[in-house]
Amino acid sequence: MAKMTLDELRALREAKRKDLEKRDVEGKDIQIIVGMGTCGIAAGAKQTFDAIVDQVQKKGLEGQVLIRQTGCMGLCYVEPTVEVLVPGMPPVIYGKMTADTAEELVEKHLVGHQLLDNHILDRPAADILKN
Amino acid sequence: MAYKNYILVCGGTGCESSKSEDIYRDLIKEAELQGVKNEVQVVKTGCFGFCERGPIVKVLPSESFYVGVTPQDAKEIIAEQVVKGREVKRLLYKKDQNATNTVRVQDIDFYQKQFRVVLRNCGVINPENIEEYIARDGYKALEKALFEMTPEQIIAEVKASGLRGRGGAGFPTGVKWESARGAPGDVKYIVCNADEGDPGAYMDRSTIEGDPHSILEAMIIAGKAVGAHQGYIYIRAEYPLAIERLNVAIAQAREMGLMGKDILGSGFDFDVELRLGAGAFVCGEETALLRSIEGNRGMPTPKPPFPAFKGLWDKPTVINNVETLANVPVVLTRGAQWFSSIGTEKSKGTKVFALTGKINNSGLIEVPMGTTLREIIFDIGGGIKGGKKFKGVQTGGPSGGIIVEKDLDTPISYESLVALGSMMGSGGMIVMDEDDCMVDVSKFYMGFCVDESCGKCAPCRIGTSQMYSILDKISKGNGVESDLDDLERIGKAMTKASLCALGGSAANPTMATIKHFREEYLEHIRNHKCRAGKCKDLVVYEINPEKCIGCGLCARKCPVPCIAGEKKQPHVIDKARCIKCGECFKACKFGAVIKR
Amino acid sequence: MINCKINGIPVQVAEGTSVLEAAKKANVKIPTLCYNPDLAPWAACGICVVKVEGSNKMLRSCTTPVTEGMSVITNDTDLVQTRKTVIELILSTHPNDCLNCPRNQDCELQTLAQEFGIRQQSFPKRLRNLPIDDTNGAIILNPEKCVRCGRCVTVCQQMQNVWAIEYLGRGESTRIAPAADVKLGDSPCIRCGQCSAHCPVGAIYENDQTGIVWEALQKTGPEAKTCVVQIAPAVRVALGESFGCAPGTDLTKKIYTALRRLGFDVVFDTNFSADLTIMEEATEFVKRLTEAMKMGMTDATSLKTLPLITSCCPSWVDYMEKYFPDMIPNFSTAKSPQQMMGTMIKTYWAAKAGIDPASIFSVSVMPCTAKKYESHRDDTMYASGFQDVDISITTRELARMIKQAGIDLLNLPESEADSPLGPYTGAGAIFGATGGVMEAALRTAYHFVTGDELKDVNFTGVRGISGIKEASVRVGQTEIRVAVAHQMSNIEQVLKEVQKARSEGRETPWHFIEVMACRGGCIGGGGQPYGATDEVRKMRIRAIYDHDEAAVYRCSHQNPFIQQVYKEFLEKPGSHKAHELLHTHYTERPLFLK
């Protein structure tokens, strides 16, 4: 992308903000966000990420599911953490999501629209940008 | 096909002991009975943390928050909420028992205990995607700084916000910028101190890994305010992921014209370069850091002159901590008034702490200044692991002191922590329980300072080694009472006469532990006893013959080996050869191995 | 001006003055260890701490500037207790070796321990068992005694720009050694000895060779040697300091007596061979200048005919060979006065006195540590067929010998040096001060070019303590531009300008350059009594020029004994014989031998 002017920056911001709110990126309406700070990676988040990609492919859902990375959420004691956004379901943050939980995640939550037992956590604080 | 409702039953130990397992089963039963099992999923979760009002049940998507739930309530919850779509008002959280209006989950105090300003984007955006940063008001502060505000106005705003340095010293950021702006010279620098060296502290690392652009934006704003066009980020080499993310961010910012020449067509130039540390804690001290960038040995130089007047290559330099900088864009977009409404009178804004140690919910938290330590440790942190007894919390890393139970209701601020004999430091917070030995803790931190002392000034170079050797002596049962006087004398001289804060605060953990736990030190000296069982030389392992069944497992685990005994006969540990590794203690299933 | 108070005493000082300096005006001497007036404050030791009224914080007075209205407390229980503890901490890493130490009774740490009434060892000793480095022949490093004050590193890096030593390791294992931990003998060290002159303790000191001198002096029987000594211009104005005199007390004639009482058979004076050096060097200069005027100054510059650079300072020679070998052709080939004297003793004088040169033991007393190395630097130092100067000892070593022999120096009767290599002119005497060689050379060069004597022989433009001095002198038809640099860090700038002119095809900015490695010239040499500051240096320099003004002859060529030497022996300056005996050559040397 080329160097922007002030107006271009503002336009980009508006466009991307709407995107994020819509949660519909490139036509994919399901998002899985894996925490990839060093604490997450040390706990196996890279393997979790790969396993989820794998499972999503196995179930043929690549066209609907976007898998992204993010930084540390602060829930270091239960890394790896994964946020799952499925339209029609409440947004959920899961903890202790090692690579072996990927199958259950995709099957139960994405396909079965059921939440996973024993993994749910809360976002630690409100989003100051939403005030 | 999604469910219409999800019922989350808190499965933490607090609620479990109050029958959350029964609630879970009864809810599923009732859902079945009332014919709505396809409309609701009942899920067990981890701890919600609101343990004193447990058992907790949360219903989504309505965000209904029920407290003090019993298994008998299951029927009503299903009937009212799931079938009829109405909340069970009597179970909803109220501020106190007598209040009539219920409160939304978001408004519950507990959930406001954390207020993520610095970490606003961490865990929300992809740090390697500049557009996501931009979407969440990223580079909006920069627009203001470049097109709508004069440098004086920027500085006035930062001053009015009350933002103070988050690296530990707490110097007012706006005043620092103002000094640098006023210092004579055409060439000035902005330096970001990302050499986070305190053991157990990783606030800056996570901020950079999760939101690198916030730092870059802040540095450009600082450059505009002060009149600098070049920035350096000094980051420790032990943070490879943070370095990588910064490099990606810098490249993206340059590509989009948000860094480099003529930013956004404003005519203002600013660029940032990385400089990697090489394993020296002392290079986190600002003057040593600047000397290191210059290519010299990382040793502190005297102040005055202060870096704002004579810093990098003798030019006026603003050097700020990562967390301080991460606050800057928010100060400009939300305004000084908003920012200064958070926190206490003299300590504005929030602070990120790395809560670690013997605590259930260890992790990175961000709280408004003024939050008490009790709230942090017992509410947000979920209390002591394994239900053990709280002994103390160490704040400020090797420069800090220990805060004990009686002072836990102190609201956190720069001044209050210093008054307690500790300091805010960079934000490390290490919780200790009854199994932590205060002599050992003090020895650990002193050992760290011995390793990391640069060696330039005598008080620190020699004082730390002498203090360490005394602490080591005490931990091995060879201490004498006058050792405590020596520790205090050397500690005082070191604190007053060291050239930099490394030596100037190295004695703090020792002085604090002696002040609050003098009996523990005396116990080591007079009775050769370590009540926490940490000081190996003072710990004795032996086998209780009445409990030992002679299974021989301990003998097999012993690395020396020094446990003898016939099969099915009580075994005996040879105390003279025992190396106190504790393997036998861990292995014995019959509680026959005693640790004294 | 700033008004402040020291212990309640009002004091007025210039802005930027440190609390330490301001305190002196109130007659308060704040204790220090790492501080040295020659160097920017290093602020390491933590002993100079003071308080500002109203605050409990302690500040280092060496580096804190006074501010208007500041009220400083230099002495309260807290401060004394802190200082004492810091001293005890330093003592805990220092061996209790005073009785065996070269700094016994002349040691800054010993003085502090005494002043603070240290009576017991409060903290256990933490010594490191590091080996002594004596590989360089002139300077010895004893890291066991190092208190890590940092003076030597600052001296070698900032003051002298040689960078032979650096800090290694960190924390308690910080030590000072050449970079990459090579031995000093393999490092860029030019042996100027400034490190030893600034060291507060016995961690760096000169290689004491008095034992060898005693042996020669006290030998009797058929093996006995004829002991001949020469004494340098700078020694006579500083030796007295080791005996309680003020700096700049001229003890020349008493020193001659002392030397004889020590057992020397013949006492000559380096000032004589300084005159000889001028004869050779001024001749060389005039020759080069004449050539340059013929071919044009620009060509002369690029062909390295000019500038001519003095070469009597052996540290400077070593520095040039290591750092600026491209300047070798610009160097005067004349040896130093010490070496010229050595050669003349074992040839001219030996023949005249009818003594076999093999039985001569030739000693020089120098303010300089590098002279120990110069005496065997290469084969030209054996021009007489023997080692021309057998041993060179420093002023400090001579002081110890005199004391050991029980000689009451200050009350001795005066005497004269021996002829023919003793009597000297004022021009020879001023070699000891920075600018002295240049001035002496100009006095004679003037005569060589014009045939006249100068009406006023004083070239004040090249005198003084300023690091680089420039002057221009009219000699006959030509305006000669000269530069004088002292303290090694000042020379880089001068040489780079010459190199720049050369590479740009311009005329050299100066025709004649004098360089002294030590600040103040030889009077500030690395082997002089401890405690040199600019104040001391100025006093020593004053004495040198007073000595010159009192001399019978002020120009080297006027010395009748010099004229005799040429008539009887060397024919004329720059003759073939002079070249064989009194000139040397130079070679590029690596900075690090390993």
Side-chain angles (χ1 to χ4, degrees), chain A residues 1-6 8-10 12-21 33 35-39 41 68-79 81 83 86-96 112-129 131, chain B residues 1-3 6 8 11 41 43-46 48-49 60-61 106 111-117 119-128 131-132 134-140 143 147 202 205-206 209-211 239 241-242 255-258 260 264-266 330 360-366 380:
Chain A
M1 226 222 145
K3 297 208 170 135
M4 298 185 293
T5 63
L6 180 59
E8 284 168 342
L9 174 63
R10 288 182 171 155
L12 175 64
R13 184 178 296 120
E14 261 317 293
K16 194 68 194 181
R17 193 171 58 81
K18 293 209 171 80
D19 255 353
L20 280 188
E21 275 169 22
I33 308 157
M36 292 281 225
T38 301
C39 33
I41 294 175
R68 295 167 42 213
Q69 69 170 352
T70 186
C72 169
M73 239 178 272
L75 300 163
C76 312
Y77 60 107
V78 284
E79 292 279 8
T81 49
E83 182 172 5
V86 175
M89 289 178 72
V92 174
I93 296 179
Y94 289 120
K96 300 210 188 135
H113 293 252
Q114 286 194 339
L115 301 179
L116 270 61
D117 273 314
N118 292 325
H119 283 276
I120 297 183
L121 296 163
D122 252 311
R123 197 172 270 290
D127 187 355
I128 63 164
L129 262 78
N131 283 18
Chain B
M1 198 262 324
Y3 290 89
Y6 295 88
L8 309 181
Q41 186 197 4
V43 196
K44 253 193 293 195
T45 75
F48 279 147
L60 298 174
Q106 293 92 316
Y111 282 96
Q112 293 308 315
K113 286 201 163 134
Q114 283 211 53
F115 195 53
R116 289 162 71 95
V117 174
L119 301 175
R120 58 193 176 276
N121 289 326
C122 291
V124 182
I125 63 165
N126 178 354
E128 297 185 27
E131 297 187 3
E132 292 191 20
I134 291 174
R136 286 176 59 84
D137 282 358
Y139 290 105
K140 200 165 175 189
E143 288 177 26
F147 296 101
Y202 59 100
R205 170 174 68 68
S206 295
E209 285 175 357
D211 193 9
Y239 282 176
L241 183 58
E255 208 189 320
M256 289 190 134
L258 290 162
L264 293 174
S266 66
V330 179
N360 278 319
N361 303 348
S362 63
L364 224 51
I365 64 165
E366 187 175 351
I380 302 176

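Below, chain A is the first sequence line, B the second, and so on; all start at residue 1. Atom set for the values below is all heavy atoms of this structure, side chains included, hydrogens, waters and symmetry mates excluded.
A:D127 and B:R136 are joined by a salt bridge, as a carboxylate oxygen and a charged side-chain nitrogen come within less than 4.0 angstrom of each other. The residues B:E255 and A:K3 are annotated as not salt-bridged, no charged nitrogen and carboxylate oxygen being separated by less than 4.0 angstrom. Note on B:E143 versus A:R10: salt bridge recorded, some NZ/NE/NH1/NH2 to OD/OE distance being below 4.0 Å.
Annotation: side chain of B:V43 is not in contact with side chain of A:H119 (no heavy-atom distance under 4.5 Å).
Across all non-hydrogen atoms, the minimal contact from A:G112 to B:Y3 is O-CE1, 4.1 Å.
B:F147 touches chain A through its side chain: at least one heavy atom from C-beta onward sits under 4.5 Å away, while N, CA, C and O do not. No part of B:I365 comes within reach of chain A, as not one of its non-hydrogen atoms sits under 4.5 angstrom from that chain. Contacts between A:I93 and chain B at a heavy-atom distance below 4.5 Å are absent for every atom of the residue.
No donor-acceptor distance shorter than 3.5 angstrom exists from the side chain of A:R68 to the backbone of B:I125, with no hydrogens or angles considered. Remark: the backbone N or O of B:I134 is paired with a side-chain donor or acceptor of A:R13 at under 3.5 angstrom.
One distance of note links CG of A:L129 with CZ of B:R120; it measures 8.0 Å at 0.5 Å rounding. Separating the CD atom in B:E128 from the OG1 atom in A:T70 is a distance of 10.5 Å, to the nearest 0.5 Å. From B:L119, atom CG reaches atom SG of A:C72 across 7.5 Å, with rounding to the nearest 0.5 Å. We find the OH-CD distance between B:Y6 and A:Q114 to be 8.0 Å, quoted to the nearest 0.5 Å.
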